[in-house]
Amino acid sequence: METADGYGYILTNNHVAGGANDITVTLADGHVIKHAKLLGADPLTDLAVVRVKDGDLIAAHWGNSDELQKGDWVWPSAARLATPAP
């Protein structure tokens with residue numbers, strides 16, 4: 001999650017949020033944010049961006065894969081579908 005001006009921007013999957021009209025986000029600490037808004041979704045890359053409004057959001061830390069050590073927790077991100085050739 002990235003934050004700016006009291007909004008949080010969540011990168012998720014299109015197959016999770018794409019086409020949704022009513023989105024509720026539950027954070028890792030159990031905090032529930034209702035009325036999230038789908039800003040955009042792309043079925044080809046299976047990516048979607050959701051915006052939430054909350055004053056107590058903390059942005060996710062984007063790590064550097066060069067600094068990983070054995071046993072570190074990671075959150076991988078990849079396309080689930082192969083991108084067709086142009």
### Task
Could you walk me through whether Val50 and Tyr9 pass the side-chain contact (heavy atoms from CB on, under 4.5 Å) test, one step at a time?
CA-CA 6 Å; Val50 174; Tyr9 297 89; over 6 Å; no
### Task
Carefully, step by step, assess Leu57 and Leu27 under the rule side-chain contact (heavy atoms from CB on, under 4.5 Å).
CA-CA 10 Å; Leu57 297 173; Leu27 303 178; 4.1 Å; yes
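Hydrophobic clustering of Ile, Leu, Val, Met, Phe, Trp and Tyr side chains at less than 4.5 Å, counting indirect connections, keeps Val16 apart from Leu11.
By the 4.5 Å heavy-atom criterion applied to side chains, Asn14 and Leu47 are not counted as neighbours. At a threshold of 4.5 Å between non-hydrogen side-chain atoms, the residues Ile10 and Val25 count as touching. Using a 4.5 Å heavy-atom threshold, the side chains of Ile23 and Val52 count as separate.
Panel note: side chain Asn13, backbone His15; no donor-acceptor pair is recorded below 3.5 Å.
Taking both residues in full, the closest heavy atoms of Leu38 and Ala48 are given as CD1-CB, 4.0 Å, listed atom of the first, atom of the second, then distance.
Distance check: Lys53 NZ to Tyr7 OH gives 4.5 Å after rounding to the nearest 0.5 Å.
Among residues at least two apart or in separate chains, side-chain hydrogen bond (donor to acceptor under 3.5 Å, both in side chains) pairs with a member in residues 24-44 are His31-Asp54, Asp42-Thr45.
Every residue meeting the side-chain contact (heavy atoms from CB on, under 4.5 Å) condition with Asp72, not counting sequence neighbours, appears here in chain and number order: Leu68, Gln69. For Asn21, there are no side-chain contact (heavy atoms from CB on, under 4.5 Å) partners two or more places apart in sequence or in a different chain.
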